[in-house]
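There's a structure below that I have some questions on.
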Amino acid sequence: MESLAEKDNCSSKSGRRFSLTYIGWSALDRRTTLPMLPWLVAEIRRRSEKGDCGPVVQPREVHLVLNPPFVRCVPSSSTNSSVFIFEHKAQLISRFIHNSNDLTYFAYLLRGQPDNPESQMSCHVFKACDPNQVSEVICRIRQVSKSVLKGDAKPKQEADEAFYNSQKFEVLYCGKVTVMHKKAPPTLVDDCIDKFHQHEVEQKRLRLLNGQRGSMEHNPTFGPFLSEQTDLIRFDIKYPCNLFTADVLRVFIHMSGNVRPVFQVGRFEVNLISPDSKTVVLEKNFKDISSCCQGIKHSDHFGFICRDQLDSGPSQYVCFVFQCASESLVEEVMLTLKQAFSTAAALQSNKTEIQLCEACPIHDLHKLCERIEGDSNPAKIAIQKYLSQLTDNEQAEIFERVQKLKPRSDQEENELVIFHLRQLCDNKQTSHVHIGEVCQIHAHPNYGADSSASASRFKLDLLKNKARTSLTNSLENIFARVGVRRYSLLLLIAGFLSCPPLPVELLPLSPHSRRSVMDPSRHLLPPGEKPKRTSADYRALWKTAIHQQILLLRMEKENQRLEASRDELHIRKMKLNYQEVGQCSKDAQALWERKLTAPGRTTVQQDKKELYHALCQGVPKNRRGEVWLLLSYQHRLRHRLPQRLHAPDTPYQDLLKQLTAQQHAILVDLGRTFPTHQYFSAQLGAGQLSLYNLLKAYSLLDTEVGYCQGISFVAGVLLLHMSEEQAFDMLRFLMYDLGIRQQYKPDMISLQIQMYQLSRLLHDYHRELYTHLEDHEISPSLYAAPWFLTLFASQFPLGFVSRIFDFVFVQGTGVIFKVALCLLSSHEGEIMECDSFESIVDYLKSTLPALSQSQMEKTIAKVVDMDISKQLHAYEVEYHVLQDEMLDAGAVLDDSDRLDKLEKTNMQLKRQNMDLLEKLQAARQKIQSLETSVENFLSRESKMKHMIRSLEQEKAAYQKTIERMRSCLPLDTPTDVEMTQIKTGPNGKAKTEAKKP
């Protein structure tokens, strides 16, 4: 905290001083309005000059010191500047008041302290020696206030802290119930859930029935329960009569399937935020919520009853029913709501609301001050007219007090009258009953008949104003919906009110011509005369109106499409708002364009060396997401994972329909993931909600890992370059196909191995740096663990991280070691200069990540030329050997510890055995398939041999038949008959040849 001496030094160095006369000050009621302020300033002046408006306050010569962010009023006679009359912050000044009668006087209005609800508003009055000095003082104070507000980020930080301190839960929205009373019995939630289930069963039955009958009998009222259309059902629940106004509670249920919003409990309100539409679907203030209850039979459900204001008719009470992942989460929600209600009630009790109605005496005084101005005669007439409305005793009392002070002018008389009227209105305001407070009116039997009549009159005026406002709003809605009838309605209203019609700006596609708009008076026909139009005219008008309406609808759809495209481009530009590391040449862009558009790119393997060479040349930022997808497809084509290592094949949309037990950790980390990036900085905006969907889906997919803090940064980088579903597929690829999920497991064994490997790399490649870090007992886990868990995304520039991701999709986690080694080697000299544990750790965590553009490009160039894959494999084997030696050379363990070690070893051996069994089973299956193929070939061969033998026998039989036929012919016949000879062709079929002798 800044001491007085420090403030004195600061004020003496940089403070601006103004010599003024301090007239005095006065506390203000919060009902004080702007028209009352000049009369209040006059009252403070008169009190200091003559003392007839209260206790005498002597003016003092002061110095007004402007020392940002403070304004201090110091006596001019005091030599010690630490002695001051008052002091406040410059941004607390809400308004300046400059007296038009005497230009040397000015005042400013000081609002209450924001951290002290009991602090009051005040008005301080000063007098300057020169009127020009007044404008300079006001200008300087405004400059100080603006500079402080511009440089002070504390209010925004406090708002952000208030948001992130608010509790957030993921819930399943079951339905909305309309009840007839604000207090429901404890079994209401259970009864509603039972009815929900009955309705769902009925919907399934109707869906099956409609499916059998065909789509022509579809009933829109009972659509599918999980469809996008909402269902509205009604049923009756009987309750005891003493709980409700009737023995039957009629319940209307508004169903909406598979809606899983984020339930946020703030300081004064409850919000429901949809992660799908990225909007707030429900917002209810605590004062509108009457009760909360938890299900008894269905203990994982809860609901709250609140007031729901209808567009037409009185307000009604509705109960929103939700489901949580577990009963303990429901209990936490109920406890959070209870604490939030108590805190809000305590804060609200300290901050009394300003109540004001049309009948308030202060309001009458406000309207009087609005009508009067300065010391003109109309001001005096208006004051006398106001005095005539008071009672005789009040008039006589005010007249006596004013004449006793003997005012010298009309202005002084007006000031005195306003002063006494303000005192009178303050006294009346303390016992005033506002309009609508019927109970309090009956509680005061001495309330006069005049006051009752006045309240009734003002209540009637208030109702008239509401009716007039409602009529105006209704007409405006009609005009907005039906632009064709807009002008005719105004003409009708103008004729009804006997006033000329107002000029109206018609819609662009209105059927009225421009000429009729320019000259509306020609539509006003004399009474009794009607326009003569034929049916053809009306038909033409309708055709024109329908045609223009169709054009308008088409234009609106096109406009919506263009707006959606513009928003999409804006979001894409916002996502890719980072500086690229290295420029991607035109040749590299053309190369990637050919590869991304090549047919069969997801099914045909491409040359790995060519892909790596293209990756080294650069990746276009706007196509980076497509490049990552291509690299993942190529990796899956080359490397087939064993079946047990495959990720569960659950669709992304099905995962979003479930509730996760990791929701607390995910919701807390949303604001910590890329807090400075525009896409993720909005509180529960589109970026944070998309990130929540992605992390939630993966926590449900990989139950062994669930959620770990580092995953949010990896998922965030993916979301900046592709859609949600594509990012989920890429996250699954990184975790399962590349094996990154091993380092997120609860035992963190993989991360320990990686830290050992990095330490050994430093030992072998940079011995002096390794020795320096070991001397100060700095292990890689102190600075490199976030690098591996977030793939450098939590601390380094986004362009540098994206370039690292390019190589991770090709080379896996080995790229992380190469980048870490290059970063440490390039900063070896600076690290060696740090001579303490704190300085080294601070440099590694703060200074080292702030890389320049040239440093990032050099680091990527070194990573491309480096190959440490063999060393990493050797270090991993070495780590396991060292672990086994430590176990063997260690002290004799207890039986329980030894049993645990044996069990772990047994589990590892079982896993290895299972792997070998799987490989053996795969080999046996392959052998069995080959044996089956051989058997098939042998059977086919035997069949062919059997067919050949049968054909040879048939051939021999045919030849014998021919010889027998020859022997039966006469001797002279062969000379006249063609001889036929049977020959066997190359394909085994018989051919006939005719020979002539």
Side-chain angles (χ1 to χ4, degrees), residues 21-60 97-107 109 120-127 359-432 446-448 450-451 454:
T21 302
Y22 182 55
I23 304 300
W25 73 284
S26 176
L28 299 182
D29 187 88
R30 284 190 291 174
R31 298 182 182 88
T32 303
T33 60
L34 186 61
M36 302 181 191
L37 293 179
W39 302 98
L40 181 64
V41 173
E43 178 184 332
I44 298 174
R45 286 180 54 191
R46 193 169 184 87
R47 184 192 308 164
S48 63
E49 294 174 358
K50 300 182 179 181
D52 51 8
C53 292
V56 179
V57 178
Q58 296 295 334
R60 303 180 62 178
I97 308 162
H98 197 185
N99 197 336
S100 59
N101 296 322
D102 192 346
L103 298 179
T104 58
Y105 283 87
F106 75 96
L109 199 63
Q120 294 181 342
M121 298 173 61
S122 59
C123 180
H124 297 268
V125 183
F126 298 87
K127 182 181 180 182
C360 284
I362 292 291
H363 185 66
D364 292 340
L365 182 62
H366 159 71
K367 290 193 289 187
L368 173 63
C369 294
E370 276 187 332
R371 289 194 298 268
I372 62 180
E373 182 180 0
D375 56 350
S376 59
N377 291 327
K380 190 171 184 179
I381 295 173
I383 293 174
Q384 290 176 357
K385 185 176 179 181
Y386 181 85
L387 290 173
S388 63
Q389 298 177 1
L390 303 178
T391 62
D392 295 339
N393 294 333
E394 292 172 348
Q395 293 182 26
E397 185 178 359
I398 292 178
F399 180 77
E400 183 180 355
R401 290 182 178 179
V402 172
Q403 293 301 322
K404 185 178 180 181
L405 297 175
K406 299 179 180 180
R408 299 179 181 178
S409 63
D410 292 341
Q411 176 65 21
E412 290 186 10
E413 183 178 351
N414 292 340
E415 292 176 357
L416 291 173
V417 172
I418 293 296
F419 166 68
H420 292 295
L421 282 177
R422 194 168 69 87
Q423 289 183 339
L424 178 63
C425 291
D426 288 340
N427 295 332
K428 286 184 177 182
Q429 190 69 36
T430 56
S431 59
H432 170 68
N446 297 328
Y447 202 74
D450 297 337
S451 299
S454 176

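What you see is a predicted model, and the numbers here were worked out from it, not measured in a lab. When reading the values below, keep in mind they use all heavy atoms of this one structure, side chains included, and skip hydrogens, waters and symmetry mates.
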Quick check for you: to the nearest 0.5 Å, what is the distance between Cys369 atom SG and Asp364 atom CG?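 Rounded to the nearest 0.5 Å, the SG-CG separation comes out at 11.0 Å.
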Which residues share a ring pair (Phe, Tyr, Trp, His ring centres under 6.0 Å) with Tyr386, sequence neighbours left out: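 Checked Tyr386 against ring pair (Phe, Tyr, Trp, His ring centres under 6.0 Å); zero matches.
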Pick out which of Leu37, Val125, Leu40 makes a side chain to side chain contact (heavy atoms under 4.5 Å, CB included) with Ile97.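 One option only clears the test, and that one is Leu37.
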Under a 4.0 Å N-O cut-off, is there an ion pair linking Glu415 with Arg45?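 No, this pair does not count.
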For Pro361 and Gln429, work out which heavy atoms get closest and say how close.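 Here Pro361 and Gln429 meet closest at CD-OE1, 3.1 Å.
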Compare all side-chain heavy atoms of Ile23 with those of Val41 and state whether any distance is below 4.5 angstrom.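 When only atoms from C-beta onward are counted, Val41 and Ile23 do not touch, as no gap falls below 4.5 Å.
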Which pair of heavy atoms, one from His420 and one from Leu405, lies closest together, and at what distance?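 Heavy-atom minimum between the residues: NE2-CD1, 4.3 Å.
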Heavy-atom closest pair, residues Arg408 and Glu412: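 Here Arg408 and Glu412 meet closest at N-OE1, 3.1 Å.
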Which residue pairs satisfy the salt bridge (charged side-chain N to carboxylate O under 4.0 Å, His left out) criterion with at least one member in residues 32-41, sequence neighbours excluded?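 Non-adjacent pairs meeting salt bridge (charged side-chain N to carboxylate O under 4.0 Å, His left out): zero.
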What is the distance from atom CD of Glu43 to atom CH2 of Trp39, rounded to the nearest 0.5 Å?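 Here the rounded value is 12.0 Å.
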For the CG atom of Leu390 and the NZ atom of Lys428, what is their distance to the nearest 0.5 Å?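 Output value for this atom pair is 5.5 Å.
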Could you go step by step and tell me if Lys404 and Glu400 meet the salt bridge (Lys or Arg N to Asp or Glu O under 4.0 Å) rule? CA-CA 6 Å; Lys404 185 178 180 181; Glu400 183 180 355; over 6 Å; no
Going through the checks in order, is the side-chain contact (heavy atoms from CB on, under 4.5 Å) test met by Ile418 and Leu368? CA-CA 9 Å; Ile418 293 296; Leu368 173 63; 4.1 Å; yes
Is any side-chain heavy atom of Leu416 closer than 4.5 Å to one of Arg46?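 The answer is yes; the side chains approach within 4.5 Å.
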I'd like to know if the side chain of Glu413 and the backbone of Val402 have a donor-acceptor N/O pair within less than 3.5 Å.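 Side chain of Glu413 to backbone of Val402, a donor-acceptor pair under 3.5 Å: no, none is there.
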Residue pair Ile362 / Asp426, side-chain heavy-atom distance below 4.5 Å: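 Contact flag for Ile362/Asp426 side chains = yes.
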Approximate separation, where rounding is to 0.5 Å, of His124 NE2 and Leu109 CG: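 Rounded to the nearest 0.5 Å, the NE2-CG separation comes out at 9.0 Å.
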Where is the tightest heavy-atom contact between Leu365 and Arg422, given as atom of each residue plus distance?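 Closest pair (atom of Leu365, atom of Arg422, distance): CD2-CA, 3.8 Å.
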4.5 Å side-chain heavy-atom contact, Gln403 and Phe399: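 A side-chain contact under 4.5 Å exists here.
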Plane angle bin for Phe126 and Tyr22 - parallel if under 30°, tilted between 30 and 60°, otherwise perpendicular: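 Because their plane-to-plane angle lies in the 30° to 60° range, the rings of Tyr22 and Phe126 count as tilted.
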Using the salt bridge (charged side-chain N to carboxylate O under 4.0 Å, His left out) criterion, which residues pair with Lys385? Sequence neighbours excluded.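 Partners of Lys385 under the salt bridge (charged side-chain N to carboxylate O under 4.0 Å, His left out) test: none.
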Are Met121 and Thr32 packed together at the side-chain level, in the sense that at least one heavy-atom pair is separated by less than 4.5 angstrom?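 The answer is no; the side chains never approach within 4.5 Å.
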